[in-house]
Amino acid sequence: MSEIPNTYQHHEIEDKWRQQWQAWGIYRWDPSLPRDATFVVDTPPPTVSGSLHVGHVFSYTHQDLIVRYQRMIGKNIAYPMGWDDNGLPTERRVQNLLGIRCNPTLPYDPDWRPDPSGGKRKDIEEVSRRNFIEACAVVTAEDEKAFEHLWRHLGLSLDWSEQYATIDDHCRRISQLSFLDLVERGEVYNVESPTMWDIDFKTAVAQAEVEDRPRQGLFYDLRFGVEGGGELLIATTRPELLGACIAVVAHPDDERYQPLFGKHAITPLYGARVPIVAAEHADPEKGTGILMVCTFGDVMDVEWWKASGLPVKQLIGRDGRILPATIGEAPYPSVDSAAGQRAHDALVGLPVGRAKSRIAELLAADGSLPGWDGPALVGEPKPTDQIVKFYEKGDRPLEFVPTRQWFIRILDHKAELLAQGEKIQWHPAHMKTRYAHWVEGLNQDWCISRQRYFGVPFPVWYRVGEGGEPDFARPLYADTASLPVDPLTDTPPGFDEAQRDLPGGFTADPDVMDTWATSSLTPQIQSHWGVDPERHRRLFPMDIRPQAHDIIRTWAFYTIVKAWMHEGEIPWYHVVLSGWILDPDRKKMSKSKGNVVTPDDLLVEYSSDAVRYWAARARLGTDTAFDPGVFKIGKRLSTKIFNASRFVLMQLDRAVGEGGMPGVDAIADPLDLALVERLRGVVDQATRSFEAFDYAAALQVVEDSFWSFCDHYLELVKLRSYADEDTPGRRSAVATLGLALRTFLRLLAPFVPFVTEEVWSWRFAAAGQPSVHTAPWPRSAEVEAVPRPEHDGTYEAAVEVLTAIRGAKTVAQKSLRWPVARLGIRGPERHREALGPVLEDVLRAGNVEPGGVVIEDGPSPEGEHFAVEVELAAEMPG
RNA sequence: AGGCGCGUAGCUCAGUUGGUUAGAGCGCAUCCCUCACACGGAUGAGGCCCGCGGUUCGAGUCCGCGCGCGCCUACCA
């Protein structure tokens, strides 16, 4: 029996239990138990180089609420922690922080150590990929500590013995294994093709990482010649791509241009002869209705080019600058090579933006064709609202650059992937539609290669021909037993390191996989797929994937792809989607908007329990405005739990001291039976809600009934429990108080784990069962032995009369202790019968003087049980 | 432009399969230090349930059409 503290100090309580939970190890997964006794969470690995903000606290709390319920219903919980330290954000951060850059061709230097002050140096140090990865690990370890501190502070019941990082050996092995498995299944290929390309990061990006941004563009009206006489006016926003024009297209039904189909146009400046072709995608309403197709301005250009069989005129390089070209030679034929070359040379080396204005000057100055009058640019450029594709982390528009990339075949499998989505339960259910729309709208295979350094390398080499050219058609793949490999430092099977990059030898694939190629495997990473089949069987498919709804198209989708391709399975049975935290202006909180709230101050000011309460109030999938008022409510609830528990346990202690603790069989008073009946309903409803992952509905019903318990039941039963003798009435009251508190603490434990654990420890902790968090979830069957109340509405009738008495005293500006001289209660028989058995409790709680009550038959006001008249005593005795 | 979601008290949100008089908390007002709690308690005021039509004995709830907000997707010449 521990001392019951007088006041609620959340800092002390929380520190104590954080340490105790770790010492107990109650959140450990037990690998010996079978799959069906286990609840498996596919924990989101946060991007460790990102910032911590309340959005994290919000969604991770949602997982923890579900997990804590599952633990209490007896499940063996597998709730690991992963870190996403792989990929561009970390690479950038490490470069800036340590002043280093990765040069994958350098050999590994085992003695090299990162210099923490390197970021201040002027000269950038180049290091090998392995050294770079080690440096990243050093930096991310710090970031991970910050997250871990926050998670522990918040009381997340993670199993800290189960951790992974997406760049560690294990994750690289699983990622490469996945790649090789997909090679074997024919689901992966590499091809040189125009790819969405970020010119600053100098890497390919996937469809899912692209976002549209509105932009103010300019329409340039350009005169094109028509072979055999005449001219065309073409509106374009990208005049700098004029040299890459391979055709001119108009809609087949467009009568203005029908006579020209089959003829050729001559481009200004370059003098290229290009076909005039009918194409469905041309919109007669837009611009002049006729447009130039370039290699490559946008997705339509790429698609049209693929179907056309025309040559590529690649004018934009990987750095976004205009490439040199020999005008007059294939693929740049010209009717006036000299003029064309002059024009093009003026652009070479310029970034696209500057090239645009430069060519506009040229076109405005002249640019017309031999024998023509006037400039090719007609009038002033006209502003137009455009929507341009950007890499989500990028600052300049994407270009389409032909490069060799690895792709996973997803376009061929839309139907199967939609079917997989149907097998998974989405919470809330309408989120499934988002998944379906994304799958239906796919128009590219999944590009998984990135021209970066900090990532999982492809376990691939190529034979080098006698002429020094790599044989991309027949890659050399690593042996699965050798994984993880780095082809830049490891040697392919059957070759010798001395043959690297030599004719007749081999060369490494220099690329790394996109982060999503690894994070799409979080279930397999956790289950050790392909490495430990027994463990895999105990963890896969998983129970839940908690995540935010904005990454359905990436994380959820890609994970479903991988699980289906590898094993024909769904990765998890449920996807549980959290909403966003919005700032008071209802904008999404994000670092880039500068409106983030950091959680640390909130946790200190209001307590972890209060912050968790705030998160728990938000229903799944629903965006929630950041409202500090809710933290206050959470803190009030915690304080109330603390104080009400003190009261109840003091009554229990007294009873134990005087006559032994009464068991549930002592519960007999009608008011107590009515309370137990209400508890049954609350337990059943909360359980039903949790089973549907609706923690917010569970919280609502538990919280409401707990407040009613404090405000009404405790007041009604107080004086009976104070009785000096060990009467049946007192025994019933004390037994009910104990039962109710035991029940409420367990119902509230997932939401406010600290204060409930504190109170539980005072009297309810047992030797083999020290924590409320491993105590069994309450069931209505626990109180089967307690009889049902004789009448319905007993509790409500008592509350109504008590409220009327309190109201009268409040209106009279008297203390609630003030005696009532006369209490008139009028109502129909049904209600009087419900009230009768608890009348004594009500009169005691209302301090009604003996004999002062008059009960009579009659109608009650609408919506109420009784008409109540209260006459207060003239004065307060003593 | 299509799809999904949302619109309820000043604010943040509940509102099950349609069913008497639409709920909670915060905030506000008035009052009360009573032996669990002043980090508290009691009581109260406050709603054209976005608008217009429809179905129904009955609509916050179902259907249609609008309006506003958010997100997803598509528009990139």
Side-chain angles (χ1 to χ4, degrees), chain A residues 4 6-10 212-215 217 219-220 234-238 241 248-249 279 281-283 286-294 297-301 384-389 397-398 428 430-438 440-441 443 549-550 552-553 579-580 582 584 586-588 614 617-619 621-630 632-633 635-651 685 696-697 700-701 703-704 707 710-711 714-715 718 722 802-818 847 861-864:
Chain A
I4 297 177
N6 284 324
T7 53
Y8 173 57
Q9 304 285 355
H10 71 258
D212 292 339
R213 294 185 200 162
R215 259 201 154 198
F219 258 132
Y220 297 81
I234 288 197
T236 179
T237 55
R238 303 211 53 185
L241 286 175
V248 163
V249 301
H281 76 266
D283 179 358
K286 206 156 180 180
T288 55
I290 187 162
L291 61 134
M292 61 176 191
V293 176
C294 304
D298 60 40
V299 192
M300 283 317 304
D301 284 351
T384 175
D385 290 326
Q386 301 182 279
I387 296 189
V388 182
K389 285 195 189 305
L398 291 171
H430 66 80
M431 291 293 181
K432 185 168 74 182
T433 313
R434 286 213 197 169
Y435 171 82
H437 283 167
W438 174 254
E440 284 160 8
N443 57 32
H549 53 68
D550 54 333
I552 289 174
R553 66 177 186 168
W580 285 336
L582 309 175
R586 307 206 71 86
K587 295 272 179 281
K588 185 195 175 189
W614 160 76
R617 288 244 307 209
R619 294 182 129 66
T622 307
D623 298 343
T624 303
F626 180 79
D627 178 9
V630 181
K632 282 171 62 180
I633 306 168
K635 183 149 188 210
R636 231 162 60 87
L637 175 64
S638 307
T639 308
K640 183 58 80 174
I641 291 169
F642 185 96
N643 286 320
S645 299
R646 280 185 68 220
F647 167 73
V648 168
L649 293 177
M650 276 153 48
Q651 302 307 310
Q685 273 191 64
Q700 196 173 333
V701 64
E703 186 190 9
D704 284 354
W707 278 107
C710 294
D711 293 343
L714 288 185
E715 293 304 323
K718 204 181 245 182
Y722 282 160
L802 181 63
T803 300
I805 296 171
R806 287 166 169 172
K809 293 177 182 177
T810 300
V811 168
Q813 307 200 349
K814 296 287 192 279
S815 145
L816 292 181
R817 257 182 10 175
W818 199 275
N847 197 16
E862 272 188 70
E864 292 177 41

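We name chains A, B, ... by the order of the sequence lines, and we start the count at 1 in each one.
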Shortest side-chain distance from W707(A), nucleotide among C76(B), G41(B), A36(B): G41(B)
By ring pair (Phe, Tyr, Trp, His ring centres under 6.0 Å), which residues pair with F642(A), not counting sequence neighbours? Y8(A), W762(A)
Please name all residues satisfying side-chain hydrogen bond (donor to acceptor under 3.5 Å, both in side chains) with Q700(A), sequence neighbours left out, ordered by chain then number. none
Residues forming a side-chain hydrogen bond (donor to acceptor under 3.5 Å, both in side chains) with K432(A), sequence neighbours excluded: E422(A)
Side chain of K389(A) only, heavy atoms from C-beta on: which candidate in A36(B), C76(B), C32(B) is closest? C76(B)
Indicate, with a heavy-atom threshold strictly under 4.0 Å, whether D212(A) touches base, sugar-phosphate, or nothing. base
With sequence neighbours left out, write down each residue that passes side-chain hydrogen bond (donor to acceptor under 3.5 Å, both in side chains) with K640(A), or none if nothing qualifies. none
Closest listed nucleotide, where the reference is the side chain of Q813(A) and the choices are C76(B), U30(B), C13(B): U30(B)
Among residues at least two apart in sequence or on other chains, which ones pass salt bridge (Lys or Arg N to Asp or Glu O under 4.0 Å) with R215(A)? none
Among A36(B), U30(B), C76(B), which nucleotide sits nearest the side chain of A644(A)? A36(B)
Can you name the atoms? Protein N/O to nucleotides 2-4 of chain B N/O, anything below 3.5 Å, with the distance.
residue, atom, partner, partner atom, Å
G3(B), O2', H437(A), ND1, 3.2
G3(B), O2', H437(A), NE2, 3.1
C4(B), O2', H430(A), ND1, 3.4

Say you pick atom C1' in G23(B) and the same atom in C49(B); how far apart are they, in whole Å? 12 Å
Which residues share a side-chain hydrogen bond (donor to acceptor under 3.5 Å, both in side chains) with R617(A), sequence neighbours left out: Y613(A)
Polar atom pairs between nucleotides 25-29 of chain B and protein, under 3.5 Å, N or O only, would you list them?
residue, atom, partner, partner atom, Å
C26(B), OP1, R636(A), NH2, 3.1
G27(B), OP1, K632(A), NZ, 3.1

For T237(A), what residues pass the side chain to side chain contact (heavy atoms under 4.5 Å, CB included) criterion, not counting sequence neighbours? F219(A), T384(A), Q386(A)
Collect all protein-nucleotide pairs involving nucleotides 42-46 of chain B in which both atoms are nitrogen or oxygen and the distance is under 3.5 Å.
residue, atom, partner, partner atom, Å
A42(B), O2', T810(A), OG1, 2.7

I want to verify a distance call: between C39(B), C71(B), C35(B), whose nearest atom is closest to the Y722(A) side chain? C35(B)
Check nucleotides 15-17 of chain B for protein N or O atoms closer than 3.5 Å to its own N or O atoms and list the pairs.
none

Residues in ring pair (Phe, Tyr, Trp, His ring centres under 6.0 Å) with Y435(A), at least two apart? W426(A)
